[in-house]
Structures are given as structure tokens and as C-alpha cells.
> 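Below you will find the structure I want to go over with you.
Just the heavy atoms: all of them, side chains too, but no hydrogens, waters or symmetry mates, feed the values below. One-based numbering, in listed order, for ligands and for the atoms of each.
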Amino acid sequence: MCRGSTWQAMRNVIISIYQPSHLASLIPAIQPYIEQAGNLFCPGEEITFSDISIRLFTDVIGQAAFGVDFGLTKDTDDAEKIIHDAPRDFIQKHLYATTSLKMDLSGSLSMLVGTFLPALQKPLRQLMLRVPGSMDRRMDETNAALSGELDAIVAERTAQADRGQKNFLSVLLNGIDTSDAMRKLFTPDYVSALTYEHLLAGSGTMSFTLSSLVYLVSAHPEVEEKLLQEIDAFGPKDVVPDADDLRTKFPYLEQVLKETMRYFPGSPVVSREATADVEIGGYFLPKGTWVWLATAVLGRDPEQFPEPEAFRPERFDPESEECKRRHPYAYIPFGIGPRACPGQKFAFQQLKLTVIHLYRRYVFRHSARMESPLQLQFSIVTNFKNGVKLQVVQRKN
Ligand code: HEM
């Protein structure tokens, strides 16, 4: 994690990339991946939706953030795969990296102990790295392998003469080329680490949110019907909504997305470290104290979300009494303050485009193999223990 002036400089680069005017121009680059992913669904078949979803958003972030085609949504019959012709391996490494920071007993021993006794975390980690098969060692090996793939992308982009301004990595490297201050802050190792952070931040959360939405909508026919009506009313199936359409013409879809993120938040906790001694709400926090904010717990507060166990998108209708009454900080799926998620608008844009594309063609039903209740696995990003298993139903017309 980066701090202070380095973080501020990095943040400025990210913000410039994910501002609305640039986001609009990303739609034509993203839509082909959504369509490719849509072609992986076979009507009548049972699928593990979450597997396809992680492929989709890894491809999208590959294109939007690094200008690279990972080729993960290409049909497996397509011979040409961009990353070493082995997308499965890449996905496995990536998935493993996004899920291995578990906070349960099967997670890293050093992390688990470090949560309660921070001073022991570092020495214990050094010890566990020497133990073959330990979670610490497996995490280390996986991270090294995945970073290697990303380092190769960074090296290739760095050597490129005309990178354009279309993706995060190019904008960052262009800045480094033209500014001494940027060059000092962003060493090659640091650029690789940022690239890695981007991949992790922008794919696991997205995949989890889309899969949760489809899972929840499949179990709520009244929500599905209203959603389909809104999507169908937009126009012919082959007309791709532009950024303005996505912002203004799909208010119910926006409510469904927000309720999904309340019900199943992709980031269950947000953390901060006190950089100086501070007193908050009568509690003294010495410098260096870690504070964890549980967004998942906030979202189930019955004061702010009456009947919190009910999946009810209408509670996010801006005209509803419930929405007007709600405390502004009761709902923070993207975090809060100057460090809040810079990808929030991009996330909404991608998720809306994908939901519209999929629901124009299909509806989904829970597979008989889908466990109930759904088993979740909590880490920095929430995940499904056993995936979201659904049956694909082709829509008529
Ligand atoms: C549903 C999707 C997403 C959710 C729920 C989500 C959630 C979050 C949360 C809770 C944080 C921490 C905020 C805080 O500490 O206050 C965060 C940080 C971040 N997110 Fe997202 N995010 C999503 C999608 C994305 C996407 C698509 C991108 C990139 C394109 C992205 C890039 C980042 C980055 C770079 C940070 C670190 C920011 C910093 O440290 O200044 N996120 N995200």
C-alpha cells in the first residue's frame, strides 16, 4: 500500500484516467469483451457463472488499464490466446491471488496471528516462507508468478515509442517520461506493483458483484420482471447504450446494482491507519493503530435499511422515504473520503453494460447444484466458496 505524496501522485494519475469523458471513450473497447463473454453461455446448460464473470472483468481491466488482450473470454476453440496460450493457468493464479488473503483459519498463519499480535507477523512470515506447502509460501509463489506476467506487460509498454493515452499504464509511463518528479516517485518496481494492484482491485470485486446480482435477481422474479422491462424499453437489442444512456436511462438497474452491493458487498472491510495520535468518538487511537470499518455490517443495520434481509432495490430509489432518511455514510461499498475507490464510475459503467447485454438475451435460474444459503468466503475481496451455479435460459425474440 502506498502513502503520502507517492499515493497522491498515483491517485492523480488514476483519477485522470477514470474521469467521465475518458470513461465514455472506453465503451467501444469494452463492449466486444462483454459480447464474447455472452457467447460463452449456452442456453439450457448449467454454468458456473462466477467463472465466466472473472474472465470477463480480467479481460476488461487488461484492456482498460494496460491495453492488453488477455484473451480470457475468447471461446476455448479459438486457437490464439495472448498470454502464453494458457488462460486457465493465468486465471488460476489470479483467482488464487485474489482469494488467498483469507481471514479464516485456512488463511495465512502469519496474517491470522498478525491480526491479533502485529509484532509477530513479520518474523512468523519469514519462518512460514521456509515451510513447503504453507499458505504464506504458496501466496508468495503465486504472487511472484503473477507479478512476472505483469512485469512483462510493463516492460513491453515501457519500450513502446507511441503509447497513446488510452490506458492507465500508458498515462502513467508517459508521465514518468516527461517529469523528473514522477520518475523519482515511480520506480520500475513501483509501477509493477501499481499494475498488480489495479488488476486485483478492478476484477475480483467486479466479478463478485455481477455474479451476486445475477444470483439475487434469479431468486426474485418481481425484480427480474421490472429489470427486463426497463432494459427492453431502451430499444433494439443491437443498440449499445452510450455513457449518457447508461447514466440516465437505467434508474432501476442502478437501484438493483446498489442493493446488490449492500446485500453482498465485494469489499467487506475498509481499513485506515492512524498517522498521528487521534481521539475519535471518545476513543484514543495512538499513532499506528489500524481501524477496520465493516461495510458489510453497516449494510445490515435495520435503522438505515429496514428489513435488511430483504432484497429490495426500491430502497435506493432517490424519491423513497427510506433513501431520503438514510445517513450519508450508511452505505459505503466503495469506501469513503480521499482514498475511496477511484474506479467507482467505471465499475457502474461496466456492470450496467454487461447486465444490459446479458439480460437482453438470457435469464438465469439457480442450478439444483447451487447450495442454499450461499456460502461466502471473506477476504479483502469477498468471494464465493463454491461459485454461483446457474442454468441459462434463452429469452424469446
Ligand atoms: C464493484 C466494484 C468495486 C468495488 C466494490 C470496489 C471497492 C473498493 C473499496 C472499498 C476500496 C477502498 C476504499 C477506501 O479505502 O476508502 C477500493 C479501492 C480501490 N479501487 Fe475499487 N472497487 C470496485 C471496482 C474497482 C475498479 C473497476 C477499479 C479500477 C479500474 C478499482 C480500483 C481501485 C483502486 C486503484 C483502489 C485503491 C485506491 C487508493 O488506494 O487510493 N476498483 N475499491
Side-chain angles (χ1 to χ4, degrees), residues 1-20 22-23 26 29-30 33-34 50 53-54 56-68 98 101 166-169 171-172 190-191 193-214 216 253-254 256-275 290-299 329 331-355 378-383:
M1 187 189 291
C2 62
R3 302 150 198 264
S5 58
T6 318
W7 166 73
Q8 190 63 61
M10 180 275 288
R11 180 88 190 183
N12 291 343
V13 174
I14 296 185
I15 296 286
S16 74
I17 273 288
Y18 295 114
Q19 60 179 308
H22 182 66
L23 284 186
L26 285 177
I30 291 171
Y33 291 103
I34 297 175
S50 38
S53 169
I54 187 72
L56 167 61
F57 291 115
T58 306
D59 265 0
V60 168
I61 202 78
Q63 190 56 247
F66 321 130
V68 165
T98 51
L101 288 169
K166 282 205 169 130
N167 55 71
F168 161 74
L169 186 56
V171 173
L172 182 62
Y190 198 71
V191 172
L194 274 182
T195 315
Y196 193 7
E197 182 196 42
H198 229 86
L199 177 69
L200 295 184
S203 57
T205 46
M206 296 292 291
S207 167
F208 177 78
T209 303
L210 178 70
S211 306
S212 303
L213 181 145
V214 175
L216 287 162
L253 171 52
E254 177 133 346
V256 174
L257 272 168
K258 287 182 172 165
E259 175 68 338
T260 299
M261 286 189 259
R262 177 193 71 83
Y263 207 90
F264 289 138
S267 286
V269 284
V270 169
S271 61
R272 293 289 183 275
E273 185 184 359
T275 52
W290 278 88
V291 180
W292 296 83
L293 234 160
T295 54
V297 176
L298 283 179
Y329 295 159
Y331 180 70
I332 50 165
F334 292 97
I336 192 165
R339 257 202 119 120
C341 176
Q344 177 168 354
K345 288 200 173 75
F346 183 42
F348 266 90
Q349 179 172 291
Q350 291 180 66
L351 286 163
K352 284 182 180 171
L353 272 179
T354 311
V355 171
F378 294 101
S379 65
I380 44 171
V381 174
T382 323
N383 215 321

> Under the rule for side chain to side chain contact (heavy atoms under 4.5 Å, CB included), what residues qualify as partners of Leu298, not counting sequence neighbours?
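For Leu298, the residues satisfying side chain to side chain contact (heavy atoms under 4.5 Å, CB included) (neighbours in sequence not counted) are Leu293, Ile332.
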
> With atoms numbered from 1 as shown, which atoms in ligand 1 lie under 4.0 angstrom from a non-hydrogen atom of Pro333?
5 (C), 7 (C), 10 (C)

> Please check whether Ser271 reaches ligand 1 - meaning an N/O of the residue sits under 3.5 Å from an N/O of the ligand, judged on distance alone.
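Between Ser271 and ligand 1, no N or O pair is found under 3.5 Å apart.
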
> Without swapping roles, check the side chain of Thr58 against the backbone of Ser203 for a donor-acceptor pair under 3.5 Å.
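Pair absent, no side-chain N/O of Thr58 close to backbone of Ser203.
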
> Taking only residues two or more places apart in sequence or in another chain, which ones pass ring pair (Phe, Tyr, Trp, His ring centres under 6.0 Å) with Phe208?
Phe384

> Measuring from atom CZ of Phe168 to atom NE2 of His22, what distance do you get when rounded to the nearest 0.5 angstrom?
11.5 Å

> Rounded to the nearest 0.5 Å, what's the gap from CD on Gln350 to CD1 on Ile34? Could you check?
7.0 Å

> By number and element, which atoms of ligand 1 are closer than 4.0 Å to a non-hydrogen atom of Thr209?
1 (C)

> Counting both backbone and side chain atoms, is some N or O of Arg339 under 3.5 Å from an N or O of ligand 1?
yes

> For Ile336, does its backbone N or O pair with a side-chain atom of Tyr329 as donor and acceptor, under 3.5 Å?
no

> Where the closest heavy atom to atom 19 (C) of ligand 1 is concerned, which of Pro268, Pro342, Gly335, Ala347 has it?
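When every heavy atom of Pro268, Pro342, Gly335, Ala347 is considered, Pro342 comes closest to atom 19 (C) of ligand 1.
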
> Which atoms of ligand 1 sit under 4.0 Å from any heavy atom of Val270?
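Heavy-atom distances to Val270 below 4.0 Å select 10 (C), 14 (C), 15 (O), 16 (O).
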
> At the 4.0 Å heavy-atom cut-off, does Ile61 count as touching ligand 1?
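Yes, Ile61 has a heavy atom closer than 4.0 Å to ligand 1.
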
> Mark yes or no for whether Arg272, through its side chain, and Val291, through its backbone, hold a donor-acceptor pair below 3.5 Å.
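Not at all, since once roles are kept as given, no pair shorter than 3.5 Å links the two residues.
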
> Check this for me - ligand 1, Ile336, N or O atoms closer than 3.5 angstrom, yes or no?
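Yes: some nitrogen or oxygen of Ile336 is under 3.5 Å from one in ligand 1.
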
> Between ligand 1 and Gln344, can you find any atom pair, the residue atom being a heavy atom, that is separated by under 4.0 Å?
no

> Give the single entry among Gly202, Cys341, Ser212 that approaches atom 11 (C) of ligand 1 most closely by any heavy atom.
Cys341

> Can you check whether Leu169's main-chain N or O pairs, donor with acceptor, with Thr195's side chain at less than 3.5 Å?
no

> Any atoms of ligand 1 less than 4.0 Å from a non-hydrogen atom of Ser267? List them with their elements.
7 (C), 8 (C), 9 (C), 10 (C)

> Using a 4.0 Å cut-off to any heavy atom of Arg272, which atoms of ligand 1 qualify?
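Reading through ligand 1 atom by atom, the close ones are 14 (C), 15 (O), 16 (O).
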
> Return yes if some donor-acceptor pair links the side-chain N/O of Ser53 with the main-chain N/O of Ser207 below 3.5 Å, else return no.
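Side chain of Ser53 to backbone of Ser207: a pair is present.
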
> Which one holds for Ala201 and ligand 1: side chain close, backbone close, both close, or neither close, with close meaning a heavy atom under 4.0 Å?
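Both backbone and side chain of Ala201 come within 4.0 Å of ligand 1.
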
> Return the option from Phe168, Phe208, Phe348, Phe334 holding the heavy atom at the smallest distance from atom 6 (C) of ligand 1.
Phe334

